[in-house]
Amino acid sequence: MRSVPAEEASSDTEGTCPPSGVRVYADDGDAAMGLRVVSLHLENCGTRTHRLNGYPQLQLLDEGHKPVNGVKILQGGSAIATGTGADGTPQPLDLKPGERAYAGLVWRNTVEGGVDKPVNAPYVRVWEKPGAHPVMVIPEFDLGTTGKLGVGPWKKGASVR
C-alpha cells in the first residue's frame, strides 16, 4: 500500500479543486518490451487562466519518501525513445478553466549497464512550474540500471496515449 503526505496528495478529476486551481496526477502508463510511458496530467479546475511553459520539475523518491540519487532526468522523451509523444519544444500554454495539459515520462526497464543496481522509485514529487506547490504521484518507476528518465514538455490536450 502506497501513501503520500496529505499536503502533497494528487487528485484526479474527482472532488474539490485544490486551492492552487489546478489538479496534477499521473495515469497508469503503458509498458511494452522494457519501454515505459506514463503521462502527468494537469487540469485547470480554477476560475482563472493558468500559464505553463517548459517541463515539469521532478524529484524521484524511494519507498520511504527519500530522494533517489544517481538518475539523470533528461528533457524530452527522445532521449530515451522516439515516437512516444513526449517530444517537442516547450511552448507557452494558457489553459482556460476546464482545459488540460499533459507531459510524458519515458524510461526503459533494462539491466544492461548504467547504475550499479536496479532503481525503483515508486514516488515522484512534481512541480508543474517553478514556485508551484509540489504534488506527489505514484508512477512506480522501475528504471532498471539505465539511470535515465526522459520528461516531455507540457502540451495542451489529454495525454500522450
Side-chain angles (χ1 to χ4, degrees), residues 4-31 35-62 65-108 119 121-143 146-161:
V4 301
E7 67 276 4
E8 292 186 36
S10 68
S11 63
D12 58 16
T13 58
E14 304 286 323
T16 305
C17 186
S20 66
V22 295
R23 290 185 177 103
V24 177
Y25 58 96
D27 63 24
D28 293 331
D30 190 16
L35 180 64
R36 312 283 200 256
V37 180
V38 167
S39 291
L40 290 177
H41 300 269
L42 183 144
E43 177 189 1
N44 181 353
C45 57
T47 58
R48 299 186 318 228
T49 298
H50 188 75
R51 295 196 166 162
L52 291 172
N53 188 8
Y55 300 87
Q57 296 177 338
L58 308 178
Q59 181 184 39
L60 306 184
L61 304 168
D62 66 15
H65 300 146
K66 303 243 187 298
V68 172
N69 298 314
V71 175
K72 292 179 185 171
I73 298 177
L74 307 169
Q75 292 184 342
S78 64
I80 307 299
T82 59
T84 63
D87 297 321
T89 303
Q91 302 292 321
L93 301 179
D94 286 337
L95 299 179
K96 294 177 184 165
E99 290 187 322
R100 297 174 187 212
Y102 69 90
L105 308 177
V106 182
W107 72 99
R108 290 197 180 275
V119 173
Y123 301 102
V124 178
R125 185 169 282 132
V126 178
W127 291 266
E128 49 154 308
K129 60 185 178 181
H133 181 75
V135 173
M136 195 177 297
V137 297
I138 310 171
E140 299 285 351
F141 287 141
D142 56 346
L143 297 167
T146 64
K148 297 179 196 172
L149 173 67
V151 180
W154 286 115
K155 296 179 181 182
K156 208 173 219 183
S159 74
V160 296
R161 293 183 288 119

Take Y123 and V68, measure what side-chain contact (heavy atoms from CB on, under 4.5 Å) needs, and give me the verdict at the end. CA-CA 10 Å; Y123 301 102; V68 172; over 6 Å; no
Stepwise side-chain contact (heavy atoms from CB on, under 4.5 Å) check, V124 with L40: CA-CA 11 Å; V124 178; L40 290 177; over 6 Å; no
side-chain contact (heavy atoms from CB on, under 4.5 Å) between H50 and L42, worked out: CA-CA 10 Å; H50 188 75; L42 183 144; 4.2 Å; yes
If you apply the rule side-chain contact (heavy atoms from CB on, under 4.5 Å), what do you find for Q59 with L61, and how did you get there? CA-CA 6 Å; Q59 181 184 39; L61 304 168; 4.0 Å; yes
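Of all non-hydrogen atoms in A26 and V38, the two that sit nearest each other are CB-CG1, 4.1 Å. Nearest heavy atoms, V119 versus V71: CG1-CG2, 4.0 Å. The nearest pair of heavy atoms linking A81 to R108 is CB-NH2, 3.5 Å. Taking each heavy atom of A86 and V106 in turn, the nearest pair found is CB-CG2, 3.7 Å. Closest of all the heavy-atom pairs between P97 and G46 is CB-O, 3.3 Å. A pairwise comparison of heavy atoms in T82 and S78 identifies CG2-CB, 4.2 Å as the closest pair.
Within the model, atoms NZ of K72 and NZ of K148 stand 7.0 Å from one another, a figure rounded to the nearest 0.5 Å. Rounding to the nearest 0.5 Å places CG of D27 at 11.5 Å from OH of Y102. Taking CG of L95 as the start and SG of C45 as the end, the distance is 11.5 Å to the nearest 0.5 Å. The structure places CZ of R51 at 11.0 Å from CG of L93, a figure rounded to the nearest 0.5 Å. To the nearest 0.5 Å, atoms OH (Y55) and CG (L105) are separated by 12.5 Å.
With hydrogens and angles ignored, the 3.5 Å screen pairs a side-chain donor or acceptor of K156 with a backbone N or O of D94. W107 contributes no side-chain N or O that, together with a main-chain N or O of T146, makes up a donor-acceptor pair within less than 3.5 Å. Between the K155 side chain and the G85 main chain, a donor and an acceptor come within less than 3.5 Å of each other.
Put simply, the side chain of T84 reaches to within 4.5 Å of the side chain of L35, judged on heavy atoms. For the pair L60/L143, a side-chain contact is recorded, criterion being any heavy-atom separation below 4.5 Å from C-beta on. Residues E128 and W154 have side chains in contact (heavy-atom distance under 4.5 Å, counting atoms from C-beta outward). Looking at heavy atoms from C-beta onward, E140 lies in side-chain contact with P122 at the 4.5 angstrom threshold. Proximity of Q57 to P130: side-chain heavy atoms (C-beta onward) are separated by under 4.5 Å at one or more points. Side-chain contact between P153 and Q91: absent, with no pair of heavy atoms (C-beta onward) separated by less than 4.5 Å.
Within a 6.0 Å sphere centred on NZ of K129, other residues, nucleotides and ligands contribute more than 12 heavy atoms.
Between H41 and Y25, the angle of the ring planes stays under 30°, which puts this pair in the parallel group of the 30/60° scheme.
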